[in-house]
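Residue numbers begin at 1 in each chain, while the letters A, B, ... track the order of the sequences. Side chains included, hydrogens not; waters and symmetry mates left out as well; all remaining heavy atoms used.
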There are 2 protein chains.
Amino acid sequence: MFRAVRKLAHMAAVPVEESEHRSGPLLDHLARRMRLRSESVLAPLGLRPRHLVALTVLRDSEGMSQQGLAGTLQIDGTNVVGLLNDLEAEGLVERRRSPEDRRRHVVSLTGAGAKRLREAECALAVAEDEVLGALEPAERDTLYELLRRASSGRPVSCVEATGDEPDAAC
Amino acid sequence: MFRAVRKLAHMAAVPVEESEHRSGPLLDHLARRMRLRSESVLAPLGLRPRHLVALTVLRDSEGMSQQGLAGTLQIDGTNVVGLLNDLEAEGLVERRRSPEDRRRHVVSLTGAGAKRLREAECALAVAEDEVLGALEPAERDTLYELLRRASSGRPVSCVEATGDEPDAAC
DNA sequence: ACGGATCGTTTGTGTAGCGCCAACCATTTA
DNA sequence: TAAATGGTTGGCGCTACACAAACGATCCGT
C-alpha cells in the first residue's frame, strides 16, 4: 500500500494506520452533530443554522451581491432570496441597490444583525463545548483558524478542475 | 463599526479573545461544500456521503451494535437499518448476531468494505483538494487530526452538562 | 434605440434526508 | 410468563434544496 504520508514532522505522531484517510467524512459527521446541537440553542433567537452561516459570511465580507452570496454558500439563487427575506424581516441585514449596477442588491449586516450574531455565537458556545469536548481550548482555536482560512478559499466556481481527470492518480 | 479587532496585543498566550467567533457555522459551511463536491466523485462508486461517514466510523470502531451506530451518527435507529441495508447489499459491511445477546447485531467492515472505503477516500482527494485548497498539506493533516479527535468524543448522550449551566455566562 | 443578457423575485414542482409513530419478530430479563 | 429491548418494516410528514418558468428592472452591444 502506498501511504500518503506527507512529511508531517510536526505534531504528535499521526497514527496513519494504513491508508488514505480523508477529512471529508469527519467534517460531515462533526458538522452534523454541531448542527443538531445548535438548532436547540439557536431556536430561542429565531435563527436556524443556515442563517448563522449566512450572517457569518456576511460579516466576513460585507457588501456582497446576492449571487455572490449564492456562490459562496453554494445554494441556488432563489433560495438566497428566501434566506435574506427571513433575515431582513428581522432587520438583521439590509438590501440596497448597488449604485454602479442598479439591478444588483448589495447585502450587508445591520447593527442589529451584528449584535444578534454575537448573541448567537455566544449561545453556540454551549453546543460547541459539547461537540468539541475532546479538544483543548488551544486546539479549538487552531481548528477555528484552519476552518476560517479554508472557508475563505474561492468557491470552486466552475471549470477549473476541468474534470475528465484520470482521478486514479491516488 | 466595532468590527472585532480589540486589543490583541500584549500577552501572546491567550489567542482568541476578541469577538465571539464560533466554529459551528464554518464547520457547517465547509462540510456542505465538501459534501457537494464529494457527491460527484463518489457516485461512480455507488456510495453517497453518508455511507462514507458510516464506513469511516465503522473502521474506527469495529464491532458496534446498530444502536451504537445510531448513537454516534446521531440518526434515528430506523434510518440506520436502511443505511446498513445499502452497505450490506454491496457486501461492504456484515451484520452478525452478537453471541452474548442474540438480539443485537454486531456490525463490521468486510474486506471489500475496507477496500471500497480506501478507493473512495482516494477519489475524495480530488474534492478535498478543491475545498481545502487554501490550506497547506501540513495544515490539512493537522485539521484531519483535530477532526478525528473531536469525532471520537462520546456522543453527548445525556446528563453531563449537569453543571447547572450558567449559560448566559458569555 | 432596440434586443438580448443579467439580477432579483415569485411561484410551483420534485426529490432526498430524516424524525417519528406503530406494528411485529426474536430474544433477554425480571 | 410478562415486560423490556434490538432490529425490521412501512408509512406519514417536514425541511432543505435544486430546478424551471415567467416577470420587472436594468444594463449593454450594435
Side-chain angles (χ1 to χ4, degrees), chain A residues 25 28-29 31-40 42-43 46-54 58 63-89 93-108 155 157-158, chain B residues 25 28-29 31-40 42-43 46-54 58 63-89 93-108 155:
Chain A
D28 209 333
H29 181 203
R32 173 183 175 73
R33 302 213 335 214
M34 184 75 83
R35 189 153 21 83
L36 286 175
R37 299 308 295 157
S38 301
E39 269 159 10
S40 45
L42 247 37
L47 295 172
R48 264 155 327 150
R50 106 192 53 91
H51 295 131
L52 254 277
V53 178
L58 283 176
M64 278 189 120
S65 76
Q66 294 191 198
Q67 62 171 21
L69 203 54
T72 27
L73 294 183
Q74 297 268 276
I75 65 179
D76 190 276
T78 64
N79 295 312
V80 173
V81 176
L83 190 50
L84 289 184
N85 284 348
D86 292 351
L87 295 176
E88 197 172 38
V93 303
E94 233 177 12
R95 286 191 251 218
R96 276 166 306 190
R97 305 229 77 116
S98 161
E100 317 104 12
D101 184 344
R102 298 180 35 74
R103 289 170 300 181
R104 198 165 303 186
H105 274 167
V106 168
V107 185
S108 52
S157 53
C158 354
Chain B
D28 209 332
H29 182 202
R32 174 183 175 75
R33 300 207 344 209
M34 184 75 84
R35 189 153 20 83
L36 287 175
R37 299 308 296 156
S38 301
E39 269 158 10
S40 44
L42 248 35
L47 295 172
R48 263 156 326 151
R50 100 194 71 96
H51 294 131
L52 254 277
V53 178
L58 283 175
M64 279 189 119
S65 76
Q66 294 191 197
Q67 60 171 27
L69 203 54
T72 25
L73 294 182
Q74 298 268 276
I75 65 179
D76 190 277
T78 62
N79 295 312
V80 173
V81 176
L83 191 50
L84 290 184
N85 285 348
D86 293 351
L87 295 175
E88 197 171 38
V93 302
E94 233 178 13
R95 286 190 251 221
R96 278 166 306 192
R97 305 230 78 116
S98 160
E100 316 105 10
D101 184 342
R102 299 181 30 77
R103 289 170 302 183
R104 198 167 304 183
H105 274 165
V106 169
V107 185
S108 52

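By the side-chain hydrogen bond (donor to acceptor under 3.5 Å, both in side chains) test, B:E88 is found to be paired with B:R95, residues two or more places apart in sequence or in another chain being considered. Checked against side chain to side chain contact (heavy atoms under 4.5 Å, CB included), B:R102 has the following partners two or more places apart in sequence or in another chain: B:R97. For the salt bridge (Lys or Arg N to Asp or Glu O under 4.0 Å) test, no residue two or more places apart in sequence or in another chain qualifies with A:R32. Residues forming a side chain to side chain contact (heavy atoms under 4.5 Å, CB included) with A:E39 (at least two apart in sequence, or on another chain): A:R35, A:L36, A:P49. Partners of B:S98 by side-chain hydrogen bond (donor to acceptor under 3.5 Å, both in side chains), not counting sequence neighbours, listed by chain and number: B:E100.
Rounded to whole angstrom, the span from the CG atom of B:N79 across to the C1' atom of C:dA16 amounts to 12 Å. As rounded to whole Å, 13 Å separates atom C1' of C:dA16 from atom CZ of B:R32. Taking atom CD of residue A:E39 and atom C1' of nucleotide C:dC18, one finds them 11 Å apart after rounding to whole Å. When rounded to the nearest whole Å, the span between CZ of A:R95 and P of C:dC7 equals 16 Å. Counting to the nearest Å, the C1' atom of C:dT15 and the CZ atom of B:R48 are 11 Å from each other. Rounded to an integer number of Å, the gap from CD of A:Q67 to C1' of D:dA25 is 15 Å. For the pair B:L36 CG and D:dC17 P, the interatomic distance rounds to 10 Å; values are reported in whole Å. When the C1' atom of D:dG7 is taken as reference, atom CG of B:L87 falls 16 Å away, rounded to whole Å.
Picking from C:dC21, D:dG7, C:dC7 the nucleotide with the shortest atom distance to the side chain of B:S65 gives D:dG7.
Donor-acceptor pairing under 3.5 Å, judged by distance alone, is present between the side chain of B:T78 and the base of C:dC20.
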Exercise. How does protein reach along nucleotides 25-30 of chain C, written 5' to 3' as B (base within reach of a heavy atom under 4.0 Å), S (only sugar-phosphate), or - (no contact)?
Worked result: -BBS--
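Looking at heavy atoms from C-beta onward, A:L87 lies out of side-chain contact with A:V107 at the 4.5 angstrom threshold.
In terms of position along DNA chain D, the nucleotide closest to B:V81 lies nearer the 5' end than the nucleotide closest to the other residue of the pair A:D76 and B:V81. Position along DNA chain C of the nearest nucleotide to B:G77 versus A:L84 favours A:L84 as the more 5'-ward residue.
For D:dG7, neither phosphate oxygen OP1 nor OP2 lies less than 4.0 angstrom from any side-chain nitrogen or oxygen of B:N85. Within the 4.0 Å cut-off from OP1 or OP2 of D:dT8, at least one side-chain nitrogen or oxygen of B:Q66 is found.
Taking OG of A:S65 as the start and CG of A:D101 as the end, the distance is 9.5 Å to the nearest 0.5 Å.
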